[in-house]
Student: 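Shown below is the structure under consideration.
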Amino acid sequence: MDKNTVIGLLLIFLVIIGFSWLNRPSEEELARQQHVRDSIAAVKADAVARQMEAERERARQDSLAAIGEGVMDSARLESKYGVFASSAIGIERLDTIENGKLRMVFTNKGGRVKSVEIVGQLRYDKKPYKLFEGDEATSNFTFITRNRVINTKDLFFTPIISKKDTATTLTMRLAADSASWIDFTYSIPKDEYMTSMAIKAHNMDDILAQNVQSIDVQMQQLVRQNEKGRRFELRYSALNYKYTADDVEDLSDGKSEREQLKGKINWVAFKDHFFSQIIIAKESFTSTEVESEVMPENSQFIRNHKMNASLPFYPKGEKATVISTYYGPNQYKVLRAYDDGVENEDDELELYKIIPMGWKIFSWISTLIIIPLFNFLGNWFTNYGIIILLMTIIVKICVFPLMWKPLMSSAKMRILRPEIEKINQRIPADKPMERQQATMALYSKAGASPLNGCVPMLLQWPVLFAMFSFFPTCFELRGQSFLWAEDLSSYDAIVSWNTYIPIITPYFGNHISLFCLLMTIVNIVYTKLNMAGQASNDQSAKMMKWMMYLMPLMFMFMFNNYSSGLSYYYFISLLITILQTYMFRLFVDEKKVMESIKKAESKPSKKKPGFMARLEAAQRAQQEAMRKQMEERQRKQMGGKGRH
């Protein structure tokens, strides 16, 4: 920086200082400015003071009004609730308790459970799975005092929480005064789906009616749509109940129903497809009324379950009224475990019976064979598509001895087809009984009677029915993916649409399931394979063939909304059956079959088995009856012509 620059900057600084000094305000001007500022501050302070005074006056008036209303409310509450009047006023408080399996929210309003979330489980839309929350589920207990009826849903409880290593205890206390109360004590064990609640009175002798030894309980739950297929979920949701020392029953599924139950009830289950709330009474429910209402199609809920019942209660507090509640999955091994160690069969809860296993004559196959096999494979494999494949192969191997005779008979019938065609050409169509007798005789000589395979085929039906019941209710398949199927417990749509199509939408749905489509195609191939060996030119055979091809399409309508795991099982099972059929046809020697026929023709006829003899006798009797009918018809026709 040069000398001239320094001098210039110094001069500018001096000019600024001089200008500021010459233009400074005088003492009078400074006093006048201060007076203005003070006046403004005084005006603002006065405005604030007036505002605060107005607010105080409003508060005073509100307080006076509240006191007046409070006096009136106190009188009204005292009249309605008596000693519980102070509990009728309060602020709702929520307490959340987690135990590793459940996340439960309790409210002091009514001292009840307000929300239950199943930890680690998701809905079909990937949101956390909640059995209910808010007012979707309610519970109320009715107590009788000496002069009033008290409903717990109207009152505020005082929560007291106690935590231990094995369980968390939450006591909801409904106080009459400082020395008298009713406790609702909830116990939530660690890593358990089963919780309990004990209701016990303390120093309530002079308050509760001593001649009333029961309390009424009302419970209700709206069941959300939690799975992808609404109609399929509705089909498997239900209200179940168990009579004490008796069997498990349910209300009719698919429609709304209410029923008054007679006798003692051990438990009532508000059941969804894969999860349930099960209310269990230690001393049984009595005077029980249950109701299950089907909700409208456009509702987010599928059912509304309700229960009204009575429970034993002890006003003197000598004993607690205990209710256990299960919030968890409809999983067989979990529910079955609650009966482990129970010595008396009548004391078993049998909660697992809420899972539909099909007819009783078939359910033993599921419980004794299929479920243990499925669980065993689950210990070794994590992919449930592979587990279903292995289980299908094992089942097929086990029933293979039953399939030997029908498969062998089918292979022989294919070889005999040219001979059957010769019989049809030799015997005219107007003599169906003769045709049938000749055909049956040919089958008998070759050892290929279709009746030989009927009994073995029928013996397989229990397995098919058991599988039909098992897969749609198998909790382990829920949310498990395999190939293109995102959830093996639901349908695997490859094509979907929103347009409502009459007949199609109500029964088939607005989608096409790929495993179901593959099962249908393979079923048609299998039908063609079977019908190829039974071809005939008569009209009845053609009608039968048309019906057999129609069956796979009917099954497609039936299974399109079902579990993709079930369709996958039938698809694999049919593929294995087709493979077995082709293998049998390869192993059956056509020359040996024809030689056996010639040998049978050359030998003297043997006495036929009783069943075959009776069958042929019935055929002959039917043929004779038809012959007589024809002769009688011809005689009447000739008589009519003679009169003319």
Side-chain angles (χ1 to χ4, degrees), residues 232 235-236 332 355-377 384-385 387-410 450-474 476-477 485 488-489 491-492 513 515-531 544 547-581 584:
F232 193 67
R235 183 182 300 143
Y236 284 94
Y332 182 84
I355 303 173
M357 295 290 183
W359 296 339
K360 291 183 180 180
I361 58 174
F362 302 138
S363 61
W364 64 270
I365 298 177
S366 294
T367 56
L368 298 180
I369 300 175
I370 295 175
I371 293 177
L373 174 61
F374 185 84
N375 292 336
F376 172 78
L377 294 174
Y384 281 91
I387 291 174
I388 294 174
L389 173 62
L390 294 175
M391 189 167 68
T392 309
I393 294 173
I394 293 172
V395 170
K396 278 293 185 181
I397 292 174
C398 291
V399 300
F400 180 76
L402 299 177
M403 289 293 294
W404 177 273
K405 221 169 187 179
L407 286 174
M408 184 63 73
S409 180
S410 175
L451 298 176
N452 291 337
C454 289
V455 174
M457 288 295 289
L458 289 175
L459 291 176
Q460 294 184 77
W461 277 102
V463 177
L464 295 176
F465 276 115
M467 291 297 190
F468 177 78
S469 301
F470 169 74
F471 281 106
T473 60
C474 181
E476 286 82 356
L477 295 182
L488 287 171
S489 70
Y491 58 82
D492 54 319
S513 300
F515 271 128
C516 181
L517 180 61
L518 292 175
M519 178 196 72
T520 303
I521 294 172
V522 173
N523 204 354
I524 292 173
V525 173
Y526 178 63
T527 302
K528 182 176 178 59
L529 190 63
N530 280 341
M531 297 301 293
M544 179 60 69
M547 289 295 295
M548 292 299 293
Y549 280 116
L550 184 63
M551 288 298 292
L553 299 178
M554 293 174 62
F555 282 134
M556 184 175 181
F557 265 77
M558 180 178 177
F559 288 105
N560 191 56
N561 289 300
Y562 263 72
S563 151
S564 56
L566 178 64
S567 298
Y568 169 57
Y569 165 76
Y570 283 142
F571 167 63
I572 296 297
S573 181
L574 284 168
L575 280 179
I576 295 174
T577 303
I578 291 174
L579 180 61
Q580 288 177 335
T581 304
F584 265 84

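Values reported hereafter were calculated over all heavy atoms of this structure, with side chains retained and with hydrogens, waters and symmetry mates removed.
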Student: Please work out whether the ring planes of Y562 and F559 are parallel, tilted or perpendicular, with thresholds of 30° and 60°.
Tutor: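 Y562 vs F559 ring planes: perpendicular.
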Student: Would you mind reporting whether F571 and L566 have side-chain heavy atoms less than 4.5 Å apart?
Tutor: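 No, every pair of side-chain atoms sits at 4.5 Å or beyond.
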Student: Let me confirm one number: the OG-CG distance from S489 to L477, rounded to the nearest 0.5 Å.
Tutor: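 Going from the OG atom of S489 to the CG atom of L477 covers 7.0 Å.
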Student: Take atom CE of M554 as the centre, draw a 6.0 Å sphere, and report whether it contains more than 12 heavy atoms from other residues, nucleotides or ligands.
Tutor: no
Student: Distance check, rounded to the nearest 0.5 Å: F557 atom CZ versus C516 atom SG?
Tutor: 10.0 Å
Student: Could you please spell out the steps behind the side chain to side chain contact (heavy atoms under 4.5 Å, CB included) verdict for I394 and C398?
Tutor: CA-CA 6 Å; I394 293 172; C398 291; 4.3 Å; yes
Student: Between S366 and P372, which heavy-atom pair has the shortest distance, and what is it?
Tutor: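 Closest approach of S366 to P372, heavy atoms only: O-CD, 3.9 Å.
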Student: Are F470 and F374 near enough that their ring centres are under 6.0 Å apart?
Tutor: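 Yes, the ring centres sit under 6.0 Å apart.
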Student: Which heavy atom of L488 sits nearest a heavy atom of S564, and at what distance?
Tutor: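 Smallest heavy-atom distance, with atoms named: CA-OG, 3.2 Å.
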Student: Taking all non-hydrogen atoms of both residues into account, name the closest pair between P462 and I365 and its distance.
Tutor: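 Closest approach of P462 to I365: CB-CD1, 3.2 Å.
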Student: Would you say I370 and M467 make side-chain contact, with heavy atoms under 4.5 Å?
Tutor: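 Yes; the side chains approach each other to less than 4.5 Å.
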Student: So do the side chains of I369 and W364 get within less than 4.5 Å of each other, counting heavy atoms only?
Tutor: yes
Student: When you compare the side chain of F471 with that of I388, does any pair of heavy atoms fall below 4.5 Å?
Tutor: yes
Student: Are M551 and T527 close enough, and set up right, to give a side chain to side chain contact (heavy atoms under 4.5 Å, CB included), and what steps lead you there?
Tutor: CA-CA 9 Å; M551 288 298 292; T527 302; over 6 Å; no
Student: Mind running ring-ring contact (aromatic ring centres under 6.0 Å, His included) on F232 and Y491 for me, showing each step along the way?
Tutor: CA-CA 10 Å; F232 193 67; Y491 58 82; 8.6 Å; no
Student: I need the minimum non-hydrogen distance between L464 and Y570, along with the two atoms involved.
Tutor: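 Looking at all heavy atoms of both residues, the shortest contact is O-OH, 3.3 Å.
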Student: Once you round to the nearest 0.5 Å, how far does OH of Y332 lie from CD of E476?
Tutor: 12.0 Å
Student: Taking the side chain as everything from C-beta on, heavy atoms only, tell me whether T577 gets closer than 4.5 Å to K396.
Tutor: yes
Student: CG of N523 to CZ of F555: how many Å apart, nearest 0.5 Å?
Tutor: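 Answer for the CG-CZ pair, N523 versus F555, is 7.0 Å.
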Student: Return the CD1 to CD1 distance between I355 and I371, rounded to the nearest 0.5 Å.
Tutor: 7.0 Å
Student: If you round to the nearest 0.5 Å, how far is CG of L517 from OG of S567?
Tutor: 10.0 Å
Student: Quick one, I524 and T520 - any side-chain contact, counting heavy atoms below 4.5 Å?
Tutor: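 In contact.
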Student: Minimum heavy-atom separation for S513 to N560, with atom names?
Tutor: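 For S513 versus N560, the nearest heavy atoms are OG-O, 2.7 Å.
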